[in-house]
Amino acid sequence: VQLQASGGGLVQAGGSLRLSCAASGRTFSNYVMSWFRQAPGKEREFVAAVRWSGGWTYYADSVKGRFTISRDTAKNTVYLEMNRLKPEDTAVYYCAAGRVPVVTTMTAYEYWGQGTLVTVSS
């Protein structure tokens, strides 16, 4: 199983980026796909989750209304559309997949991508 994250980069505050996570190696029909992030010197934190089968998303309060998570089952890809970015959004963003009862519990996820760096300048 492989999760390949991409799309990070440098953007000014107020700008937008779209991250992608290409998934391969198994079917994810009963999985939750999520994004986490880790800022320098801080612990990894939950950002957003989507059920692979559809019909449900969940967001951290810090990104609610600015970020949108979605998935394209035909392309086996999960996206994180990030708008109105702030300097505090600067972090390495990781995608993860798991059959998790609580989506914010990092240790419950089975598979992780390698991370993509997002830097927001003020």
Side-chain angles (χ1 to χ4, degrees):
V1 175
Q2 188 172 24
L3 302 179
Q4 184 72 37
S6 62
L10 175 63
V11 64
Q12 287 188 331
S16 299
L17 278 177
R18 187 176 79 158
L19 305 183
S20 300
C21 176
S24 61
R26 66 160 299 136
T27 57
F28 294 93
S29 55
N30 58 339
Y31 275 65
V32 171
M33 311 295 288
S34 294
W35 288 94
F36 286 77
R37 66 187 181 185
Q38 187 165 17
K42 295 188 177 181
E43 294 187 350
R44 195 171 298 187
E45 64 176 5
F46 170 80
V47 175
V50 62
R51 193 190 310 275
W52 187 261
S53 59
W56 177 89
T57 57
Y58 184 74
Y59 297 91
D61 287 343
S62 59
V63 306
K64 202 173 295 183
R66 300 187 298 123
F67 291 10
T68 302
I69 189 170
S70 62
R71 87 276 184 268
D72 184 332
T73 55
K75 296 182 178 180
N76 262 19
T77 300
V78 177
Y79 301 100
L80 185 68
E81 185 76 33
M82 305 185 294
N83 298 312
R84 290 184 281 137
L85 283 160
K86 305 175 181 179
E88 51 263 44
D89 294 317
T90 294
V92 177
Y93 284 70
Y94 299 89
C95 57
R99 291 165 289 186
V100 297
V102 180
V103 299
T104 56
T105 303
M106 190 173 60
T107 55
Y109 286 83
E110 298 171 50
Y111 307 110
W112 289 86
Q114 85 288 3
T116 185
L117 176 62
V118 172
T119 304
V120 185
S121 62
S122 57

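Just so it is clear, the values below take in all heavy atoms, side chains as well, and ignore hydrogens, waters and symmetry mates.
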For A91 and L117 the tightest heavy-atom approach is O-CD1, 3.6 Å

If you take all heavy atoms of W35 and C21, which pair is closest and at what distance? CZ2-CB, 3.6 Å

Side-chain heavy atoms under 4.5 angstrom apart, residues restricted to Ile, Leu, Val, Met, Phe, Trp, Tyr: same cluster for V32 and W112? yes

Connected via hydrophobic side-chain network under 4.5 Å: L17 and V78: yes

Quick note, disulfide bond (SG atoms under 2.5 Å apart) partners involving residues 33-92, not counting sequence neighbours, are none

After noting the C-alpha distance and the side-chain angles of N76 and W52, does the key distance pass the side-chain contact (heavy atoms from CB on, under 4.5 Å) rule? CA-CA 9 Å; N76 262 19; W52 187 261; 3.5 Å; yes

Apply side chain to side chain donor-acceptor pair (under 3.5 Å) to N30 and list each qualifying residue two or more places apart in sequence or on a separate chain. none

Would you give the length of the straight line joining atom OG1 of T77 to atom CD of Q4, rounded to the nearest 0.5 angstrom? 11.0 Å

Quick one: pull up CD in E43 and CE in M106 and give me the separation to the nearest 0.5 Å. 7.5 Å

Could you list the residues that satisfy salt bridge (charged side-chain N to carboxylate O under 4.0 Å, His left out) with R99, not counting sequence neighbours? E110

Looking at V103, is its backbone amide N or carbonyl O close enough to the side chain of Y109 to form a donor-acceptor pair, meaning the two atoms are under 3.5 Å apart? yes

Would you name the heavy atoms of T116 and A5 that are closest together and state the gap between them? CG2-CB, 4.2 Å

Are V118 and M82 packed together at the side-chain level, in the sense that at least one heavy-atom pair is separated by less than 4.5 angstrom? yes

Would you give the length of the straight line joining atom CG of L10 to atom CD of Q12, rounded to the nearest 0.5 angstrom? 8.0 Å

Straight-line distance of S53 OG to R71 CZ, nearest 0.5 Å: 7.0 Å

Is F36 linked to V50 within one hydrophobic cluster, defined over Ile, Leu, Val, Met, Phe, Trp and Tyr using a side-chain heavy-atom separation of less than 4.5 Å? no

So the ring-ring contact (aromatic ring centres under 6.0 Å, His included) pairs with at least one residue in residues 66-102 (sequence neighbours excluded) are none

Under 3.5 Å, is there a donor-acceptor pair between the side chain of R26 and the main chain of V1? no

Going by atom type alone, with no hydrogens or angles, which donor-acceptor pairs under 3.5 Å involve a side-chain atom of residues 56-64 and a protein atom two or more places apart or on another chain?
residue : atom : partner : partner atom : Å
Y59     : OH   : I69     : N            : 2.9
D61     : OD1  : K64     : NZ           : 3.1

Within residues 51-88 or reaching into it, pairs that qualify as disulfide bond (SG atoms under 2.5 Å apart) - sequence neighbours excluded: none

All heavy atoms of A97 vs all of L3, minimum pair found to be N-CD1, 3.8 Å

For the atom pair CD (E45) and OG1 (T104), what is the distance rounded to the nearest 0.5 Å? 11.5 Å

Is the ring pair Y111/Y31 parallel, tilted or perpendicular, if the boundaries are 30 and 60 degrees? parallel

Look at the side-chain heavy atoms of Ile, Leu, Val, Met, Phe, Trp and Tyr, link any pair under 4.5 Å apart, and say whether V92 and L80 land in one connected group. no

Hey, what do you get for CG (N83) to CZ (R18), rounding to the nearest 0.5 Å? 11.5 Å

Any idea which heavy atoms bring S122 and P87 closest together, and the distance? CB-CG, 3.9 Å

